[in-house]
Every structure is written in C-alpha cells, then in structure tokens.
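Read the structure below first, then the notes.
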Protein chains: 2
Amino acid sequence: MPHSNTHHEVLIVVFQVRHFPATAQSPRSGPELAVLLWQRALDPEAGSWSLPGGRLHDDEDLTTSARRQLAEKVDVREVAHLEQLSVFSEPHRVPGARTIASTYLGLVPITSDPQLPDDTSWHPVSHLPEMSFDHGIMVENARARLAAKLSYTNIAYGLAPSEFAMSTLREIYCAALGYQVDATNLQRVLSRRNVLVPTGTTAPPGRTGGRPPALYRFTDSRLRVTDEFAALRPPA
Amino acid sequence: MPHSNTHHEVLIVVFQVRHFPATAQSPRSGPELAVLLWQRALDPEAGSWSLPGGRLHDDEDLTTSARRQLAEKVDVREVAHLEQLSVFSEPHRVPGARTIASTYLGLVPITSDPQLPDDTSWHPVSHLPEMSFDHGIMVENARARLAAKLSYTNIAYGLAPSEFAMSTLREIYCAALGYQVDATNLQRVLSRRNVLVPTGTTAPPGRTGGRPPALYRFTDSRLRVTDEFAALRPPA
C-alpha cells in the first residue's frame with residue numbers, strides 16, 4: 001500500500017456564551033452558546049464559514065499549533081480552557097491532498113470581548129451559517145463533549161467570570177446545555193462536590209434594588225473530574 | 001515554513017484484567033491490569049516493547065486502521081470497547097521522518113484468552129518492560145483515562161464478562177484502579193445509576209460451598225455517561 005503525502009491541520013472550536021439580539025429566526029433573548037467562525041474568501045467553498053486553524057508546522061506539536069493559530073484570530077490570553085478533542089480522518093474529507101484534522105475545544109469567559117479580524121465573527125450554535133467541509137459536524141461534536149463534561153467536571157470555569165452570582169452561572173449552564181436548569185439545584189450540587197466556593201462578598205446593588213446576590217468562584221481553574229464517587233475514591 | 005513529509009500512525013493500548021503468577025518483583029496474587037505489547041526484533045530500539053499499531057493507510061480512517069492493525073495481533077472480535085485517545089505530536093518523538101501518533105484505548109473482557117503471535121504478550125501495567133519511544137507514556141495516559149472513566153461511565157462493560165458475580169466485578173475495578181474498592185459500595189452505586197441489573201440467576205455452586213452468588217450484567221454495552229446529575233438532566 002503506497003503512502004501519498006498527507007497533511008495535518010489543527011481546527012479549534014472556540015465557544016463563548018454571548019447575548020445575541022433577538023430575531024424572527026432566533027426569538028430567544030437570553031444568552032446563547034456561540035462559536036467563533038471565519039468566512040472563506042477563496043475557493044474551495046468560498047463564502048462558507050470555517051473553524052479557525054490551519055496546517056501543523058514542522059517544529060510544533062498540536063497544542064502549540066492550536067495556540068499559534070488561535071492567536072491569529074483572538075488574543076489567546078482570553079482562552080481560559082483548551083483541550084484536544086477528536087481527530088477527523090476520513091480520507092476525502094477535504095478536496096486535494098489528504099488532510100487529517102485534529103480538533104480542539106477552546107472556552108472564552110462570558111465577560112471577555114475579544115477583538116476579531118474582519119472575516120471573523122461569533123455565531124449562535126443553534127443557527128449555524130453554511131459551514132465548510134465537515135466543520136459543522138466538528139462543532140456539534142464539541143458541543144456534545146462540552147455538555148457531557150459540564151455534568152462530571154468543573155469545565156464551566158472556562159465559560160464563567162472569575163466571580164459570579166448563581167444567576168449568571170445558571171445562564172451559562174442553560175446556554176451551554178440548551179435547556180433550563182434550576183439555580184438552586186445547580187448551587188447545591190456544585191457546592192457539595194466542592195466545585196464552587198462562596199467568595200464571602202456580594203455583587204454591587206443592581207438597578208432593580210433588592211438584596212445583592214452572593215458571589216461565588218470556582219475552586220479550581222484546571223479541569224478535574226468532580227464525581228469520583230465514594231466507592232471508587234482512592235484511600236486518603 | 002516548509003512542510004516536509006509527515007507520517008501518521010495508529011497505536012492501540014489494549015487492556016485486560018489478568019491473573020499473573022506471583023513473583024518476587026510482583027508479589028500480588030490478585031488479578032492485575034495488563035497491556036498487550038510486542039517486542040521489536042529490529043532497530044530502532046530493538047528489544048524494547050511497543051504498542052500494537054502502525055501506519056495509517058491512504059484509504060482508511062483512524063478507527064478502521066486501528067481495527068485492521070489490532071487484527072494482526074489479536075482476534076478483534078475479542079475487543080469489547082475501542083475509543084480514540086490523545087494524539088502524540090512532538091516533532092521528534094521517533095527517529096526519522098516525523099510521525100504523528102493517534103492512540104486508541106481497547107478493552108478485552110477478563111474471560112477472553114486471545115491467541116497471540118510469538119512476539120506479543122501481556123504485561124502487568126504496574127511492571128512494564130523497557131518500552132519503545134513514548135509508548136510508556138501512552139500506556140500511563142490510557143490507564144489514567146480508564147480510571148477516570150470508571151467513575152463516571154459504564155466503561156467497565158469492556159473488561160467484565162457478560163454475566164458476573166459482584167466479587168468478580170470488584171476484582172476488575174480494583175485491578176483497573178490500582179487500589180481496593182468495596183463490593184457492597186460498588187454494587188449500591190452502580191445499581192442506583194442503572195449501570196448494572198441483576199440477571200435473576202446465580203452462579204453455579206463454588207468449590208467452597210456456601211450460598212451461590214447472584215449474577216449481574218451491564219445494562220448497556222455502549223459507552224454512556226452515568227452521572228448526569230439531577231440539576232443538569234434534560235427535561236423528560
């Protein structure tokens with residue numbers, strides 16, 4: 001079996017929870033999970049929307065490449081979490097020379113507002129534009145991974161501000177999961193698992209008056225599995 | 001930045017829980033987590049031990065390649081679970097042309113005893129022989145992933161017989177995790193999460209007499225996250 005030249009690219013699915021103006025197509029007014037896309041000016045598939053990324057260089061590993069390529073689109077200091085996801089290796093996934101794509105998940109906190117190049121913008125995951133090649137599948141794959149990890153890790157630290165009221169965290173979970181969750185339940189479960197701690201302070205009084213809400217922060221800012229259930233916990 | 005030719009290989013970390021004879025080096029007599037390795041007859045690194053795998057062919061995707069390459073070492077019908085793990089992409093990870101390695105996790109049930117080629121054997125993960133290149137790191141990476149997944153998925157179906165007493169499942173968990181877990185706790189947690197169901201039958205009476213143990217099976221034989229905790233569960 002001869003081996004022709006194969007290229008390797010890195011593509012990053014960058015998510016942020018963002019407020020979009022309500023439209024007839026998208027009547028929801030709450031924040032939504034959004035993905036960072038750029039529009040192809042040239043063929044193949046000119047006009048379609050692509051994930052940020054590109055060819056792996058000879059002198060870099062995949063994670064170094066992901067950070068370099070993200071830096072061309074957004075200030076990478078605004079990416080709070082970056083992790084490797086699946087490899088897409090179908091032999092004819094793009095026209096021309098075979099190109100294997102390693103995908104990454106990147107998370108940007110709700111409070112960041114990165115400057116973007118002219119060809120790049122945020123799109124609600126629920127209403128993607130015409131996507132290039134297999135990039136739409138990659139977004140869905142990353143969304144499913146994020147939703148699963150929200151239930152057994154502390155990954156929401158990548159989407160949340162450094163300090164937040166539970167109402168904000170609830171909005172982030174609802175947007176990332178695509179369905180409603182209850183703030184009281186969320187706080188109870190995350191506190192019991194030591195994912196959250198109260199900061200001991202409260203938010204500045206809001207415009208509506210009322211009691212200012214207590215603020216919380218994530219215990220860790222590195223990914224960890226939060227549900228090592230009792231039977232399987234290693235001896236202390 | 002010029003791009004020289006880059007190769008892509010697939011390497012599979014195949015685990016099985018196995019009984020090894022006690023030795024001075026390894027005095028434990030219970031079953032242990034074992035990994036399938038073959039010994040390199042030729043340089044580079046002749047005599048060291050490698051994971052099964054090899055070059056990706058032009059006409060196959062990674063999973064197809066993993067199954068093909070596994071078939072050269074073991075009957076792949078004995079692999080109950082196969083999933084993609086990390087990509088190893090350090091530019092100089094092997095001598096010669098750059099080779100990017102996609103790793104897979106494969107699980108073989110404790111009751112299988114696959115026929116192996118002469119150069120291939122099972123090794124306890126706790127006492128690995130001299131490993132080729134970065135293959136030792138790949139084994140540790142896969143072991144850590146397996147241990148984490150045991151706590152939030154039903155992945156143990158890949159290591160267990162189709163029907164089993166809780167004492168057998170406990171041995172499998174202890175071996176895979178590397179520490180003791182309690183059979184009563186394990187049964188309680190896995191039953192509550194609907195991971196296990198009783199078959200309604202019991203094992204044949206053992207040599208020691210006594211009450212024959214109840215048998216269980218896994219509810220699913222596809223991977224699923226078993227801890228979508230209440231606050232985050234989608235509406236029914």
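Numbered from 1 within each chain, the chains take letters A, B, ... in sequence-line order.
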Checklist entry - When you measure from the side chain of A:Gln69 to the backbone N and O of A:Gly54, does any donor-acceptor pair fall under 3.5 Å? => result yes

Checklist entry - Does B:Ser89 use its side chain to pair, donor to acceptor, with the backbone of A:Leu62 at less than 3.5 Å? => result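 Flag set: sc B:Ser89 to bb A:Leu62 pair under 3.5 Å.
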
Checking [X] against chain B: side chain, backbone, both or neither under 4.5 Å from a heavy atom?
{"X": "A:Gln84", "answer": "side chain"}
{"X": "A:Ile100", "answer": "side chain"}
{"X": "A:Ser86", "answer": "both"}

Next on the checklist: To check you understand the geometry: which heavy-atom pair defines the closest contact between A:Lys73 and A:Pro117, and what is its length?
Outcome noted: O-CD, 3.1 Å

Item to check | Short N-O contact, B:Arg18 and B:Glu32, less than 4.0 angstrom | outcome: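 So B:Arg18 does not pair with B:Glu32 through a salt bridge.
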
